[in-house]
Amino acid sequence: GVDYADKSGFYVGAWGSTIKWIKDTAGVTAGSTELDLYGGYKASVGDVAYDVGFLRYEYAGNKLADSGVYGNANTNEVYGAVTYGLFTAKYSHAISNLFGNLNSKNSYYVDLSATFDLGDGYSLVPHVGYQKVKNVDIATYTDYALTLGKDLGNGLSATAALVTTDADKTNYVTPSGKFTGKSSLVVGLKYSF
């Protein structure tokens, strides 16, 4: 990923990764990369910080619609977040179908988190999120995470997160039977300059 934040409060960024969910969901091979493009504005009013923006999930060349069950996987969202003290609440709203789910425009995601400074460059961030997929009740789920972060100095930081969901075990399953909503450990390394 790469981000640019201007001192005016405006920012843009991109994040990319290889993926398998399109192949796992529909058995189609095209669409093995995800590129997230986003931009927005951050500022504060008194003790309250806010962030508003737009996010595009792009799955270049995806053929999810060829499955006959799903539409195009590309998704557009608008979002807004407020932070007060330790706590942040964020709302994301799909202005297109959500990740290929037909008739799912106006789906949404609510994210609540807190950031605790543990001292010596360590932080602890508990999180709970709720994904509502419009017209696809079995795709709706709640996710939970607990992230330990460490500032390593010189712009480098590391994270380790325990992530789990209550996702439907009959819906979030690949054709080979693998449950994709299981608990996981996610590690990350970030460099800021």
Side-chain angles (χ1 to χ4, degrees), residues 1-22 24 31-44 47-60 62 73-94 98-99 108-131 141-165 167 180-193:
V2 61
D3 296 287
Y4 171 75
D6 189 75
K7 61 184 176 183
S8 67
F10 288 98
Y11 64 89
V12 293
W15 178 89
S17 179
T18 58
I19 60 160
K20 285 181 39 182
W21 73 264
I22 292 175
D24 287 346
S32 60
T33 59
E34 176 179 331
L35 178 62
D36 301 347
L37 303 169
Y38 49 89
Y41 179 75
K42 290 182 182 182
S44 60
D47 293 336
V48 177
Y50 64 91
D51 178 5
V52 293
F54 171 83
L55 170 60
R56 165 75 171 189
Y57 297 90
E58 178 73 30
Y59 302 96
N62 83 82
N74 297 336
T75 300
N76 296 317
E77 287 184 347
V78 292
Y79 58 85
V82 292
T83 299
Y84 180 77
L86 305 173
F87 303 98
T88 298
K90 182 176 181 181
Y91 176 82
S92 301
H93 190 92
L98 186 71
F99 305 121
Y108 63 87
Y109 182 74
V110 178
D111 175 340
L112 303 172
S113 63
T115 302
F116 297 96
D117 184 347
L118 303 179
D120 293 326
Y122 286 96
S123 62
L124 188 65
V125 180
H127 151 91
V128 61
Y130 176 74
Q131 176 70 69
Y141 64 88
T142 303
D143 67 275
Y144 310 89
L146 187 60
T147 303
L148 179 64
K150 171 65 172 158
D151 183 346
L152 302 171
N154 298 318
L156 198 59
S157 60
T159 57
L162 293 172
V163 180
T164 192
T165 74
T180 59
K182 67 180 181 175
S183 300
S184 299
L185 173 65
V186 180
V187 296
L189 189 63
K190 181 178 179 180
Y191 178 64
S192 301
F193 56 94

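Both backbone and side-chain heavy atoms feed into the values below; hydrogens, waters and symmetry mates do not.
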Q | Worked check of side chain to side chain contact (heavy atoms under 4.5 Å, CB included) between T115 and L86 | A | CA-CA 5 Å; T115 302; L86 305 173; 5.7 Å; no

(Q) Between W15 and D3, does the side chain to side chain contact (heavy atoms under 4.5 Å, CB included) criterion hold? Intermediate values first, please. (A) CA-CA 8 Å; W15 178 89; D3 296 287; over 6 Å; no

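A donor-acceptor contact shorter than 3.5 Å links the side chain of T75 to the backbone of F99. Between the K150 side chain and the D120 main chain, a donor and an acceptor come within less than 3.5 Å of each other. A distance-only check finds no donor-acceptor pair linking the side chain of D51 to the backbone of K42 [under 3.5 Å]. Side-chain N or O atoms of D6 include one that pairs as donor or acceptor with a backbone N or O of S8 at under 3.5 Å.
Using a 4.5 Å heavy-atom cutoff, the side chains of P126 and L146 are in contact. Inter-residue side-chain proximity for Y109 and Y79 is flagged as unmet; no heavy-atom pair is nearer than 4.5 Å. Using a 4.5 Å heavy-atom cutoff, the side chains of Q131 and L98 are in contact.
Around atom CZ of F54, more than 12 heavy atoms belonging to other residues, nucleotides or ligands sit under 6.0 Å away.
Nearest heavy atom pair, residue Y122 against residue D117, reads O-OD1, 3.5 Å. The minimum heavy-atom distance linking A73 with I22 is given by the pair CB-CD1, 3.9 Å. Of all non-hydrogen atoms in G181 and A167, the two that sit nearest each other are CA-CB, 4.4 Å. In terms of heavy atoms, T147 sits closest to A161 at OG1-CB, 3.3 Å.
Between the NZ atom in K182 and the OG1 atom in T164 there is a gap of 11.0 Å [rounded to 0.5 Å]. Taken from CG in N76 to CG in L37, the straight-line distance is 10.0 Å, to the nearest 0.5 Å. Between D151 atom CG and K190 atom NZ the span is 11.0 Å, to the nearest 0.5 Å. Rounded to the nearest 0.5 angstrom, L35 CG and Y59 OH are separated by 10.0 Å. The CG atom of L156 sits 4.5 Å away from atom CG of L189, with the distance rounded to the nearest 0.5 Å. Taking OH of Y57 as the reference point, atom CG of N74 lies at 12.5 Å (rounded to 0.5 Å).
Aromatic ring orientation, Y41 versus F10: tilted (interplanar angle from 30° to 60°). Note on ring orientation: taking the six-membered ring where Trp is involved, the planes of Y11 and Y38 are tilted (angle from 30° to 60°). Between Y108 and Y130, the ring planes are tilted. Angles from 30° to 60° get that label.
Checking each of L112, V163, D143, T88 against H127 for a side-chain contact (heavy atoms from CB on, under 4.5 Å) leaves exactly one that passes, namely D143.
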